[in-house]
Novice: 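First the structure, which I've put down as structure tokens, then a few questions once you've had a look.
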Amino acid sequence: MKIAGKSMPHESAEAHATGAALYTDDLPLRFPRTLYAWPVLSPHPHATILSIDLTPALTVQGVVTTLCASDVTGENDSGPSRHDEPLFPTVAMHHSQAIVWVLAETLEAAKTGAAKIAVEYEPLPAILTIEQAIAARSFHSPEPVRMRRGDFHSAFASSAVRLEGQISVGGQEQFYLETQNSLAWIDESGGISLHSSTQHPSETQEIVARVLGIPKNRVSVECLRMGGAFGGKESQGNPWAAIAALGAVKTNRPVHVRLPRVLDMVLTGKRHPFLARFEAGFDRRGVLEALRVELYSDGGWSLDLSDPVLSRALFHVDNAYYLKNVELMGYVCKTHKTSQTAFRGFGGPQGMLVIEDILDRAARTLGLAPETVRARNFYRDGQTTHYGQLVKDASRIETIWNQVKVSSRFDERRAAMARFNTSSPHTKRGLAITPVKFGISFTASFFNQAGALVIVYRDGTVQVNHGGTEMGQGLHTKIRQIAAQCLDIPIETVRIMAPRTDKVPNTSATAASSGSDLNGAAVANACEQINERLAPIRASLGPAATFAQICNAAYFQRIPLFAQGFYRTPEIHWDPKTGQGKPFHYYAYGAAVSEVEVDGFTGDYQLRRVDILEDVGNSVSPLIDRGQVEGGFIQGMGWLTIEELLWDSRGRLATNSASTYKLPSWSEVPEIFTVAFLERAAEPGVIFGSKAVGEPPLMLALSVREALRDAIASFATEPSNAPIEVDSPLTPERVYWAIEHVRSRIENAQPEPVESHAG
């Protein structure tokens, strides 16, 4: 029975459309006497807390109690890596940081009570930008992360063309539809149970146990589903779960913590802003001979996941290109802003943006087409990365590149675009193609494991439990198809259960595009065990026996109808001291062609067409994968073009709502949007030959940014070999000023040599 590989709708599609799907926020009405929580927020980005008067809050009708440091029975900290995130701080470390909490019968009463609490502060100097952090040497670690190969200095000195410069890369708000949410209560045995909107139930369990000072077996965490996460709930759901649990212990009543949009945006971390400083040397054909990059990320006030985010950025500075002589250094800056965190791509997008920007600068300096320079620098079979991993199937990069160039009619459209731009003085079009090579696995090797519990009932129906969380990405749909395929039963007989820490323990986060790889393989392992046990009975009953008959017969023969599955990713290792290893199980590849049209008077632009060819291996669920490619691309386009995070001089997030933070909408979706999958691309050693698809498509949106640079260059009235230097996001305002710069540069142009030192 062929089920894996078929296009199927999302397993909760109907429930999503009708509103029947339950989320954490739907559950408090099922728990009588639930209390609601609201925080008191710091008005300073950095300040010592001198005193707190909680008593005025208790005079408000409906307020039951307050939560402060003295209520913590364990450790007053929710940091996932370092213990550097006090739930109740003595020093405010970012604007709007939660200082204490109020619990009340209603949300309005909690808000009113919080407004009456008096907090006395002594303001302290604040570091609010990466540049300020660099000047103050304010870093989360004293030494940078380093990766290197070859001899950069001699290669750079002998390069025909030398470039240097810097690139500022903005952050991004996850803006999941469902905001941070937790509900905690005391169960019948005196333990703590929680429903939490979290990508990592096991870590939430650990943080709650730590804060309460109790063993983990006294804490149970369940995640029904999430209304989006994008990395923002990998670690940052933990403090709200801890507050809810503390409140439940103190009051012996259920406690609900839900952040409305404005609180969610000012309290939670974003995609890390980056600053890159580089030196690059090329030969006259545009082949990269030497590269040195310093990457600075804005980690915010605590470490959170900033170290692995920075490492992945350094891993992916190469994107799809061979770096022969390279020195990379990375620093996590400590600033007085929210603690920046995971976001789809996890540092990879920022690293890739740097190399794509550099290659475009080199191409324009040399008077070559950017696509020509990119193709000349591709990995070839047998080459290794700067961290020592063989790029297996490197030829796929060029195969995908050539196929999408043909299917998109790239060369024909390039010629037509040149004619259009010549005849259109105030509106220009741009075209670009960019590749993606993205490593799949957690870079922390121990996270690359998964468990599953598959339960078969006598009637032949099945329950599947695994450690992966569903956030709309279709993981449960894929797992359902995998289980049905492995057991050779109708998919309607398979039910996917919500992940719970008391069913499958010690799970990894659903992140790093690994949800299907890890959990799918663990489920398949459990199904294999069941199939082995049922094989003798199946043989004795004959081919006409149904699965239900086989299961019923197995029960009477006292054969266990459940199995625990396990999977660990093989042959991966990484040594951060040497900067060498094999951190990824395999690479996912892709390429995209994007075409834009730009208005020279306003800098406004339209994305006219996108063509994508993605390597998903043998897709387990093609419809789900297509949705991930389309959605990931649009999200990446938003990050690169219109989504801009702005903080004011007081450290306050100015873009703190949908009215001030612009998100992609239907108007940004191109009229022509084609997505195709690479054929005959099965990946050995991965469940059913499939490949991860969650993150790689986001970085294909770099083609939109490069198409905009192409259009900007077309506003020059005379040929120039000067690079187009733009920061990210490339908003209409930045596009306008870039056009003005191109025009003024041409007006004041001086002859430039091919060999240049541009920055």
Novice: His316 and Phe346: ring-ring contact (aromatic ring centres under 6.0 Å, His included), yes or no, with the steps?
Specialist: CA-CA 10 Å; His316 286 84; Phe346 204 78; over 10 Å; no
Novice: Testing the basics here: between Ala276 and Val354, what is the closest heavy-atom pair and its distance to 0.1 Å?
Specialist: CB-CG2, 3.6 Å
Novice: Side chains of Met265 and Thr179: closer than 4.5 Å at any heavy-atom pair?
Specialist: no
Novice: Side chains of Glu203 and Asn238 only: does a donor on one sit below 3.5 Å from an acceptor on the other?
Specialist: yes
Novice: So, Arg312 side chain and Gly439 main chain: donor-acceptor pair closer than 3.5 Å or not?
Specialist: yes
Novice: Go through it in stages, so that I can follow the logic: the residues are Arg82 and His140, the test is side-chain contact (heavy atoms from CB on, under 4.5 Å), and I'd like the CA-CA distance, side-chain angles, deciding distance and then a yes or no.
Specialist: CA-CA 10 Å; Arg82 289 183 189 160; His140 279 285; 3.9 Å; yes
Novice: More than 12 non-hydrogen atoms from neighbouring residues, nucleotides or ligands closer than 6.0 Å to CZ on Arg261, yes or no?
Specialist: yes
Novice: Stepwise, does the side-chain contact (heavy atoms from CB on, under 4.5 Å) test hold for Val257 with Trp38?
Specialist: CA-CA 8 Å; Val257 177; Trp38 193 263; over 6 Å; no
Novice: State whether Tyr589 and Lys437 meet the cation-pi test: NZ (Lys) or CZ (Arg) under 6.0 Å from the six-membered ring centroid, and within 45° of the perpendicular axis.
Specialist: no
Novice: Can you tell whether the side chains of Arg705 and Asp357 come within less than 4.0 Å, N to carboxylate O?
Specialist: yes
Novice: Looking at Trp639, I'd like to know if the NZ or CZ of Arg271 sits under 6.0 Å from its six-membered ring centre while staying within 45 degrees of the ring's axis.
Specialist: yes
Novice: Roughly how far, to the nearest 0.5 Å, is the CD atom of Glu356 from the CG atom of Leu640?
Specialist: 11.0 Å
Novice: For residues 216-224, which side-chain N or O atoms pair as donor and acceptor with protein atoms under 3.5 Å away, sequence neighbours left out?
Specialist:
{"from": "Arg218", "atom 1": "NH2", "to": "Gly190", "atom 2": "O", "distance (Å)": "3.1"}
{"from": "Ser220", "atom 1": "OG", "to": "Asp502", "atom 2": "OD2", "distance (Å)": "3.3"}
{"from": "Glu222", "atom 1": "OE1", "to": "Arg500", "atom 2": "NH1", "distance (Å)": "3.2"}

Novice: Determine whether the side chains of Ser197 and Thr24 contain a donor N or O and an acceptor N or O closer than 3.5 Å.
Specialist: no
Novice: Quickly, which of Met226, Arg225, His195 forms a side chain to side chain contact (heavy atoms under 4.5 Å, CB included) with Tyr23? Name it, please.
Specialist: Arg225
Novice: Between the side chains of Glu234 and Gln199, is a donor N or O closer than 3.5 angstrom to an acceptor N or O?
Specialist: no
Novice: Any chance you could lay out the ring-ring contact (aromatic ring centres under 6.0 Å, His included) test for His95 and His46, step after step, and finish with the verdict?
Specialist: CA-CA 7 Å; His95 193 284; His46 191 202; over 10 Å; no
Novice: Which pair of non-hydrogen atoms, one from Ala248 and one from Val255, has the smallest distance, and what is that distance?
Specialist: N-CG2, 3.5 Å
Novice: Could you measure the distance from the CG atom of Asn465 to the OG1 atom of Thr507? Nearest 0.5 Å is fine.
Specialist: 12.0 Å
Novice: Check whether Thr385 reaches the backbone of Gln389 with its side chain - one donor and one acceptor, N or O, closer than 3.5 Å.
Specialist: yes
Novice: For the CD atom of Gln132 and the CD1 atom of Ile130, what is their distance to the nearest 0.5 Å?
Specialist: 11.0 Å
Novice: On the ring face of Tyr176, is Lys233 found with NZ or CZ under 6.0 Å from the centre and within 45° of the axis?
Specialist: yes
Novice: Return yes if a side-chain donor-acceptor contact under 3.5 Å exists between Glu85 and Ser302, otherwise no.
Specialist: yes
Novice: Would you say Thr569 and Asp517 make side-chain contact, with heavy atoms under 4.5 Å?
Specialist: no
Novice: Hey, is Lys478 close enough to Asp625 for a salt bridge, meaning N to O under 4.0 Å?
Specialist: yes
Novice: Contact between Arg277 and Ile134 at the side-chain level, heavy atoms closer than 4.5 Å - yes or no?
Specialist: yes
Novice: For Asp25 and Leu183, run side-chain contact (heavy atoms from CB on, under 4.5 Å): C-alpha distance rounded to whole Å, both residues' side-chain angles, the deciding distance at 0.1 Å, then the answer.
Specialist: CA-CA 8 Å; Asp25 197 44; Leu183 173 68; over 6 Å; no
Novice: Looking at side-chain heavy atoms only, is the closest gap between Ile355 and Phe278 below 4.5 Å?
Specialist: no
Novice: Within 45° of the axis and under 6.0 Å from the centre of the six-membered ring of Trp301, does NZ or CZ of Lys337 qualify?
Specialist: no
Novice: Roughly how far, to the nearest 0.5 Å, is CH2 of Trp101 from CG of Leu67?
Specialist: 9.0 Å
Novice: Determine whether the side chains of Gln449 and Tyr567 contain a donor N or O and an acceptor N or O closer than 3.5 Å.
Specialist: no
Novice: Kindly assign one of parallel, tilted or perpendicular to the pair Phe139 and Tyr331, based on the angle between their ring planes and the thresholds 30° and 60°.
Specialist: tilted
Novice: Please work out whether the ring planes of Phe442 and Phe447 are parallel, tilted or perpendicular, with thresholds of 30° and 60°.
Specialist: tilted
Novice: So, Lys270 and Glu173, do they make that salt bridge, N to O below 4.0 Å?
Specialist: yes
Novice: Using 0.5 Å steps for rounding, measure from the OH atom of Tyr321 to the NE2 atom of His386.
Specialist: 14.5 Å
Novice: Test side chain to side chain donor-acceptor pair (under 3.5 Å) on Thr660 and Thr655; report intermediate values, then the result.
Specialist: CA-CA 5 Å; Thr660 53; Thr655 49; 5.5 Å; no
Novice: Could you tell me whether Glu327 and Arg148 make a salt bridge, using a distance below 4.0 angstrom between a side-chain N and a carboxylate O?
Specialist: no
Novice: Hey, are Asp575 and Lys577 close enough for a salt bridge, meaning a charged N less than 4.0 Å from a carboxylate O?
Specialist: no
Novice: Please report the closest heavy-atom contact between Glu695 and Ser513, naming both atoms and the distance.
Specialist: OE1-OG, 2.6 Å
Novice: Would you say the side-chain atoms of Ser196 and Ser182 include a donor-acceptor pair closer than 3.5 Å?
Specialist: yes
Novice: Angle between ring planes, His272 versus Phe274, binned at 30° and 60°: parallel, tilted or perpendicular?
Specialist: perpendicular
Novice: How far does CZ of Arg149 sit from CE of Met147, to the nearest 0.5 angstrom?
Specialist: 12.0 Å
Novice: Assess, by modelled atom type and distance only, whether the side chains of Asp304 and Ser235 contain a donor and an acceptor separated by less than 3.5 Å.
Specialist: yes
Novice: Do Arg258 and Gln180 have a side chain donor and acceptor closer than 3.5 Å?
Specialist: no
Novice: Parallel, tilted or perpendicular: which describes the rings of Phe315 and Tyr387, with under 30° parallel and over 60° perpendicular?
Specialist: perpendicular
Novice: Determine whether Trp240 and Thr268 satisfy the following criterion, side-chain contact (heavy atoms from CB on, under 4.5 Å), listing intermediate values before the conclusion.
Specialist: CA-CA 11 Å; Trp240 328 119; Thr268 65; 4.2 Å; yes
